[in-house]
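Notes for the one structure printed next.
These figures come from a predicted structure and were not determined experimentally.
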Amino acid sequence: MPYDDPDPADPLTLHGIELPTDDAEAVRDMAACYIEEYFRLGLSAQAVASMFERGEFAGPSMALQQLGPEMISEMIAEQAVVRGPRGGRVQVDQQPQGTLRLPVLER
């Protein structure tokens, strides 16, 4: 099968769908997933908070706007307790133009 022509019946093909909802709990669940994923990548609590505050990432930015900074901070603090201090495992460089660079992806 050609790379640019995926088989729709292939169970390993990634398919994304959008589900509209007005449920605040859905936004909280989404934010929790982002936070856990960033901690699992090894980012520090400060770096995770930065991902929400920067506005470059649609999901985290929307969650911050809808849930508020206090709720996001609480969720990050909770996950920091669960995941522990792992912030040195992944280096995240902030570029002068404001973007983030993950050197681990350039290897």
Side-chain angles (χ1 to χ4, degrees):
M1 167 173 49
Y3 179 77
D4 292 333
D5 187 23
D7 181 1
D10 183 355
L12 298 178
T13 302
L14 180 61
H15 298 278
I17 60 170
E18 182 177 340
L19 298 172
T21 180
D22 292 331
D23 183 9
E25 192 63 28
V27 175
R28 182 170 164 53
D29 290 343
M30 178 188 67
C33 287
Y34 284 127
I35 293 168
E36 180 180 350
E37 180 178 349
Y38 295 146
F39 268 100
R40 285 178 180 258
L41 285 171
L43 274 65
S44 67
Q46 182 180 4
V48 174
S50 175
M51 301 290 266
F52 280 83
E53 295 166 356
R54 298 183 50 72
E56 294 177 11
F57 304 96
S61 179
M62 180 191 71
L64 180 66
Q65 290 174 4
Q66 291 188 13
L67 298 174
E70 297 84 20
M71 175 67 77
I72 296 297
S73 295
E74 288 176 21
M75 294 171 69
I76 291 171
E78 289 171 10
Q79 198 60 226
V81 170
V82 172
R83 299 285 165 207
R86 297 176 50 189
R89 296 182 74 190
V90 174
Q91 179 182 351
V92 179
D93 296 330
Q94 186 165 356
Q95 301 298 301
Q97 63 271 29
T99 60
L100 296 177
R101 182 171 134 314
L102 295 170
V104 70
L105 297 178
E106 297 172 0
R107 293 182 186 164

In Å, rounded to the nearest 0.5 Å, how long is the span from OG of Ser73 to CG of Leu64?
-> 8.5 Å
Which pair of non-hydrogen atoms, one from Met30 and one from Gly59, has the smallest distance, and what is that distance?
-> CE-O, 3.5 Å
To the nearest 0.5 Å, how far apart are CZ in Arg83 and OG in Ser44?
-> 15.5 Å
Taking only residues two or more places apart in sequence or in another chain, which ones pass side chain to side chain donor-acceptor pair (under 3.5 Å) with Glu53?
-> none
Can you check whether Arg28 reaches Gln66 side chain to side chain, under 4.5 Å on heavy atoms?
-> no
Nearest 0.5 Å please: distance from the CD atom of Glu36 over to the CE atom of Met75.
-> 10.5 Å
Hey, does Phe52 have a side-chain heavy atom less than 4.5 Å from the side chain of Pro69?
-> no
Going from CD1 on Ile35 to CZ on Arg40, what distance comes out if it is rounded to the nearest 0.5 angstrom?
-> 13.5 Å
Of all the heavy-atom pairs spanning Gly55 and Ser61, show the shortest one and how long it is.
-> CA-OG, 3.8 Å
Gap between atom SG of Cys33 and atom OH of Tyr38 - 0.5 Å precision = 11.0 Å
Can you check whether Ile76 reaches Phe39 side chain to side chain, under 4.5 Å on heavy atoms?
-> yes
Ile72 CD1 to Gln65 CD distance, which is reported to the nearest 0.5 Å | 11.0 Å
